[in-house]
Amino acid sequence: MTSTRERIAALKNDRKAVILAHNYCLPEVQDIADHVGDSLGLSIIASGTDADAIVFCGVTFMAESAKILNPKKKVIIPEEYAACPMASMCTAEQIRDARKCHKDACVVGYVNSTASSKAEMDVCCTSSNAVDIVSSVKEKDVIFVPDMNLGAYVASKVPSKNIIPWNGYCPIHQSITEKNIADLREGHPDAVVIAHPECRTDVLNIADAVCSTEKMIAYAKASDKKEFIMATEIGMKHRLTKECPGKRFYFIDHAICSVMKMTSLSSILKALETMSPEISIDDDTMERAKEPLIKMTEVK
Ligand code: CIZ
Ligand code: SF4
């Protein structure tokens with residue numbers, strides 16, 4: 001009998017599709033993907049692919065970004081209800097209202113946002129280039145949406161800017177506490193602590209390094225240390241363990257993003273069989289969200 005993996009591989013060829021998976025996806029999903037990465041890396045691949053279709057394993061805002069950057073391609077999301085809760089914490093209308101209160105400010109938006117919110121932004125960023133993007137805007141006042149923790153981190157790194165914070169957060173990174181880190185440190189006193197900038201400021205303050213997911217992998221690879229406490233989503237364990245042989249990574253047990261875990265081999269197979277659910281965004285939103293997203297992909 002043909003396995004699900006084999007059927008996915010065969011259908012992917014028939015459909016001339018490329019499978020992209022985020023670093024937080026399930027290990028078996030990462031293993032069958034053509035590319036695994038962060039939003040920035042996957043957006044760049046999506047914008048340049050010559051495949052006919054993109055199957056995006058991750059959450060809806062990532063698949064929307066792929067569609068906006070490469071509108072002629074069919075973008076399929078195996079789990080159409082896999083929506084990042086942080087993205088719903090900032091609507092297009094709220095951004096328009098904030099602009100009325102801060103007339104001289106520009107809006108820098110984290111990529112973890114809906115297409116309609118992106119259409120209201122001046123520029124998008126990811127966790128790996130947020131500091132560089134905010135440094136590069138000409139305005140002093142920056143409304144930074146939707147992640148308050150990433151916003152506070154950027155504010156600490158770019159003191160020349162006045163960051164107007166938002167109230168959004170990632171429930172998974174927000175749930176990681178100093179105590180969680182201290183408990184792991186007790187068992188592993190020599191471990192280096194690496195935290196994602198979506199973590200709370202008190203957690204970032206005790207971390208040895210603050211990195212986006214891709215930069216975590218580069219940091220761990222380059223380090224001569226052998227043990228790492230990871231303040232981020234547990235899906236990162238798969239690549240870190242594969243790409244850093246001989247090193248050990250300790251995660252906080254509850255740091256699991258359930259929406260990222262929705263995509264399974266069977267939902268990918270079904271998506272390839274039916275070539276659905278397909279991402280569809282209205283023309284006006286596509287047009288207005290494109291420029292902020294392109295600017296994001298230009299700052300590595
Ligand atoms: O930008 C991304 O992919 C996210 C959501 C996290 C990260 O740091 O890579
Ligand atoms: Fe959203 Fe947090 Fe899940 Fe990332 S880990 S998709 S920010 S809920």
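Just so you know, ligand 1 is whichever comes first in the structure, and atom 1 is the first atom listed for that ligand. All values below were derived from every heavy atom in this structure, side-chain atoms included, with hydrogens, water molecules and symmetry-related copies excluded. Note that the structure is predicted; figures quoted are calculated from it, not measured.
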J.: Are the side chains of Cys125 and Phe144 in contact, using a 4.5 Å heavy-atom criterion?
T.: yes

J.: Should Ile76 and Phe61 be counted in the same cluster of Ile, Leu, Val, Met, Phe, Trp and Tyr side chains packed under 4.5 Å apart?
T.: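 Different hydrophobic clusters.
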
J.: Around ligand 1, what residues show up once you keep those with a heavy atom under 4.0 Å from it?
T.: His22, Tyr24, Asp38, Ser39, Tyr110, Asn112, Thr126, Ser127, His196, Ser212, Thr213

J.: Could you check whether any heavy atom of Glu198 sits closer than 4.0 Å to an atom of ligand 2, since that is the contact criterion I want to use?
T.: yes

J.: Quick one: does Ser127's side chain get under 4.5 Å of Tyr110's, heavy atoms only?
T.: yes

J.: So Glu227 and Lys247, do their side chains get closer than 4.5 Å, heavy atoms only?
T.: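 Counting from C-beta outward, Lys247 and Glu227 never come under 4.5 Å.
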
J.: Could you enumerate the protein N, O or S atoms under 2.8 Å from atom 3 (Fe) of ligand 2, written like residue then atom name?
T.: Cys257 SG

J.: Classify the side-chain pair Glu198/Tyr153 by whether it contains a donor and acceptor separated by less than 3.5 Å.
T.: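 No, no side-chain donor-acceptor contact under 3.5 Å.
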
J.: What is the nearest protein non-hydrogen atom to atom 7 (S) of ligand 2, stated with its residue, atom name and distance?
T.: Asn112 ND2, 3.1 Å

J.: Check whether the side chains of His196 and Ser212 place a donor and an acceptor atom closer than 3.5 Å, and report yes or no.
T.: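 Distance-only check fails for His196 and Ser212.
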
J.: With a 4.5 Å limit on heavy-atom distance, are the side chains of Lys261 and Ile234 in contact?
T.: yes

J.: Answer yes when Lys161 and Glu139 have at least one side-chain N-carboxylate O distance shorter than 4.0 Å, and no when they do not.
T.: no

J.: Quick one: do the Asp31 and His238 side chains pair a donor with an acceptor below 3.5 Å?
T.: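 Checked: Asp31/His238 side chains pair up, N/O donor to acceptor below 3.5 Å.
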
J.: For a quick check under 3.5 Å, do Glu214 and Ser128 share a side-chain donor-acceptor pair by atom type?
T.: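 Side-chain D/A pair, Glu214 to Ser128: absent.
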
